[in-house]
Amino acid sequence: MYAIVDANNFYASCERLFNPTLAKTPIVVLSNNDGCVIARSNEAKALGLKMGDPYFQIKHLVNKHAIKVFSSNYAFYGDMSNRIMTVLESNWPETEVYSIDEAFLCLNSLPQSQHTFFCEQLQKKVRQYTGIPVSIGIGPSKTLAKLANHVAKKQLKAPVFNITSERQWLQQIEVGDVWGIGRKWGQKLNRLGVYTAYDLSMVEARTFKRKFNVIMERTILELRGISCIAIEKSEPKKEIVSSKSFGQLQTEFNPIAEALSSYAARAVEKMRKQGSLASTISVFIRTNPFRKDLPYYSKSTGFQLINPTDDVRAITKYAKMCLRQIYRQGYHYKKVGIMLGELINNTQCQFNLFDSQSDEDKEQSDKLMQVLTDINHKFGRHAIHLAAEGVNRYQPWKMRSTFKSPHYTTNWHDIPVVYAN
DNA sequence: TCTGGGGTCCTAGGACCC
DNA sequence: TCTGGGGTCCTAGGACCC
C-alpha cells in the first residue's frame, strides 16, 4: 500500500504563504525568464489559464481579472519543499521524495484500517507546520495512489482519498490522466479504443507491452492493484545539466561564454554537493526555435575527460573550448547549456595510467575547491567566483525575473517583519 | 518583443566480439 | 537452393515525469 503526498498548487501556495492578503486572489507563477505559466491557484485555473501558456499570450487576461503574477523563486520553493519533506520523514520512516512537491510513503507496516486516519493526521500536520496545503492519495500501487490523489483534488476536493475499495472511480478518469500516460500514448490508446483508466486496466497486458513497451505493461498491472514500482531511495544523479535561456538574444561570443561559465559553476556546485566527479562534458547552444524570421542554429559538442574532475577551473576551461567549436558568428542565440556526464563517486576515482597531473596538484585543487564552497556557503552563492563568469554588473544575458518575491526564508534581509500593536 | 529547466527509461539498429 | 548463435556496447530518438 502506498500514499502519495502532493502539495496543492505548490508554487502558488508558497507565494500566498507570506502574503495572506492574496488568499482569494488568482495567482500565476511563471517559468524562468517569465516565459510560461507553470503554476496557478484554483482561482486562476477557474479563469481558464492553462499550464504552459506563454505569458505574453495571457497578458490581457492578467489585466482583465487582476491576476497576481510572480516570477519563479526556486530558492524559496526549494526551502519550503525541504520543510514539508522533513515533516513527512520525521513522521513516517518509509518515504521517497519524488519531486519538489511530492513524496510517496509505503504504508505496509501499518494495518489497513488505519491508513486513511494516519494520512488525515499527516495532512493536518504538514498544514500546521509549514502552512502549505497538501492532498494525499492512498492505493495498493503507486499508480493507484496517484490516481486517488487526482480524485481527491479534482473531484472530491478532499484532503485525503483512499481508492482501495472504491475502484469504480477508474471509470471516471481519462486514460491520459493516468500516471505514466503522456500526450502521445494517450492519443494512441484512444485510437485503440481505450478511453478511461478502467479501460486500460482491462486490456491484455502482454499485447500492449508489444504495442508500446514494458512501462505500459507495468502501468496496466499497477492499475489492477498489482504493485510493480517500489519505493526507491534517492540515488546520486547520473548526469547534471545547467542551462538557461537568455533575457535577450545574444550574438557575441563573450557574453555567451560568461553565461556558460556561470552555468558551469552552477553544475559543478550541484555535482560537488552529491560528491561526484565528471567524466564527460558537453555543451550545446541554440537560437530561438520560435523566431521564424531569424535563421535557426543548434549544435552541441563534448568530450571525455582523461581525469574525472570536480575542479570548476578545469570544467569552465573545457566548456569554453567546446563553445568555441560550435559558436558561429551571425546568429541570434537564445540558450546555452552544459551537461556533466558519466558521474562517478569521488572516492572511487580510477586514476589514469598516463596521468600527468601530480598528487600535489590534485590535493591543491581539492583544497581550493573546498575553500570556494565554504566561502560561498557562508557569504552566499556567488560571493566568490571565476572572473570568467563576468565582472561587470550589467550582464545582458541574465534572465528576466520581473515579478520575483523576496527570499522570505533563505535570506536574512528578506525575513518578513511583523508589527504587533 | 515575448514560448522553462532538469531529469530518467526504453528501444532499435549498427558495430563489434567469439 | 543454401548463409549460426549468442552476446556487449554505443548512440540516437522517442517517450515519459515534475
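In what follows, every chain begins at residue 1, and chains take the letters A, B, ... in the order their sequences are listed.
In this structure, A:W179 atom CH2 and B:dC9 atom C1' are separated by 13 Å, rounded to whole Å. A:I229 places its CD1 atom 12 Å from the P atom of B:dC9, with the value rounded to the nearest Å. Atom-to-atom, CG of A:N149 to P of C:dC17 comes out at 15 Å; the value is rounded to the nearest Å. Whole-Å rounding puts the A:E342 CD to B:dT8 P distance at 13 Å. Going from atom CD1 of A:I181 over to atom C1' of B:dC10 covers 14 Å, rounded to whole Å. Counting to the nearest Å, the C1' atom of C:dA15 and the CD atom of A:E217 are 17 Å from each other. As a whole-Å value, the separation of A:Q57 CD from B:dT1 C1' is 13 Å. As rounded to whole Å, 12 Å separates atom P of B:dG7 from atom CE of A:M271.
Residue A:R218 places none of its side-chain N or O atoms closer than 4.0 Å to OP1 or OP2 of C:dC16. The side chain of A:K211 contributes no N or O atom lying less than 4.0 Å from OP1 or OP2 of C:dA15. Between A:S243 and B:dG6, a side-chain N or O to OP1/OP2 separation shorter than 4.0 Å is present. Distances shorter than 4.0 Å separate some side-chain N or O of A:K335 from OP1 or OP2 on B:dG5. Distances shorter than 4.0 Å separate none of the side-chain N or O atoms of A:R266 from OP1 or OP2 on B:dG5. Regarding contacts with the backbone of B:dC9, a side-chain N or O of A:K238 is found under 4.0 angstrom from either OP1 or OP2. Listed pair A:N213 / C:dA15 fails the phosphate criterion, with no side-chain N or O lying under 4.0 Å from OP1 or OP2. Residue A:K184 has a polar side-chain atom (N or O) positioned under 4.0 Å from OP1 or OP2 of C:dA15. Under 4.0 angstrom from either OP1 or OP2 of B:dC10 there lies no side-chain N or O belonging to A:K209. For B:dT3, the OP1/OP2 oxygens have no side-chain nitrogen or oxygen of A:S31 closer than 4.0 Å.
Here B:dC2 is the nucleotide among B:dC2, B:dG4, B:dC10 with the atom lying nearest to any side-chain atom of A:F56. The side chain of A:Y98 approaches C:dC18 more closely than any other nucleotide in the set B:dG7, B:dT3, C:dC18. Each of C:dA15, B:dC2, B:dG5 was ranked by its minimum atom distance to the side chain of A:L249; first place goes to B:dC2. Side chain of A:W185, nearest nucleotide from B:dG4, C:dC16, B:dT3: C:dC16. Each of B:dG6, C:dC16, B:dG5 was ranked by its minimum atom distance to the side chain of A:N32; first place goes to B:dG5. Among the nucleotides C:dC18, B:dG4, B:dT1, the one closest to any side-chain atom of A:K146 is C:dC18. When distances run from any side-chain atom of A:S242 to the nucleotides B:dT3, B:dC2, B:dG6, the shortest one goes to B:dG6.
Within the nucleic acid shown, A:I100 has no heavy atom closer than 4.0 Å to any nucleic acid atom. At the heavy-atom level, A:I240 lies under 4.0 Å from the strands shown only through sugar-phosphate atoms. No engagement by A:Y55 is indicated, since no non-hydrogen atom pair under 4.0 Å with the nucleic acid exists. Within the 4.0 angstrom heavy-atom criterion, no nucleotide atom of any strand lies near A:D53. No contact: A:D34 has no heavy atom under 4.0 Å from any strand. At a threshold of 4.0 angstrom between heavy atoms, the contacts of A:K188 with the nucleic acid are absent. Nucleic acid contact for A:Q248: none, since no nucleic acid atom lies under 4.0 Å from a heavy atom of the residue.
Defined by atom type and a distance below 3.5 Å, a donor-acceptor pair is missing between the side-chain atoms of A:Q304 and A:T280. Between the side chains of A:D79 and A:S81, not a single donor N or O lies within less than 3.5 Å of an accepting N or O. Residues A:S135 and A:D6 have side chains that never bring a donor and an acceptor to within less than 3.5 angstrom of each other. In this model, a donor atom of one side chain and an acceptor atom of the other lie less than 3.5 Å apart for A:N9 and A:N42. Between the side chains of A:R400 and A:Q248, no donor-acceptor pair of N or O atoms lies under 3.5 Å. There is no side-chain donor-acceptor pair under 3.5 Å between A:E389 and A:S262.
Ion pairing of A:E235 with A:K233 is present here, as a side-chain N (NZ or NE/NH1/NH2) and a carboxylate O approach within less than 4.0 Å.
The residue among A:F212 and A:Y11 whose nearest nucleotide of DNA chain B lies closer to the 5′ end is A:Y11. With DNA chain B read from its 5' end, the first of the two nearest nucleotides for A:K59 and A:P236 is the one closest to A:K59.
Cation-pi geometry between A:K188 and A:F212 is met: the NZ or CZ atom falls under 6.0 Å from the ring centre, inside 45° of the normal. Relative to the ring axis of A:F246, A:K334 does not place its NZ or CZ within 45° and under 6.0 Å from the centre.
The shortest distance between side-chain heavy atoms of A:E166 and A:N162 does not fall below 4.5 Å.
Helical stems involving DNA chain C, defined as 3 or more consecutive Watson-Crick or G-U pairs under 3.5 Å, span B:5-18 with C:5-18.
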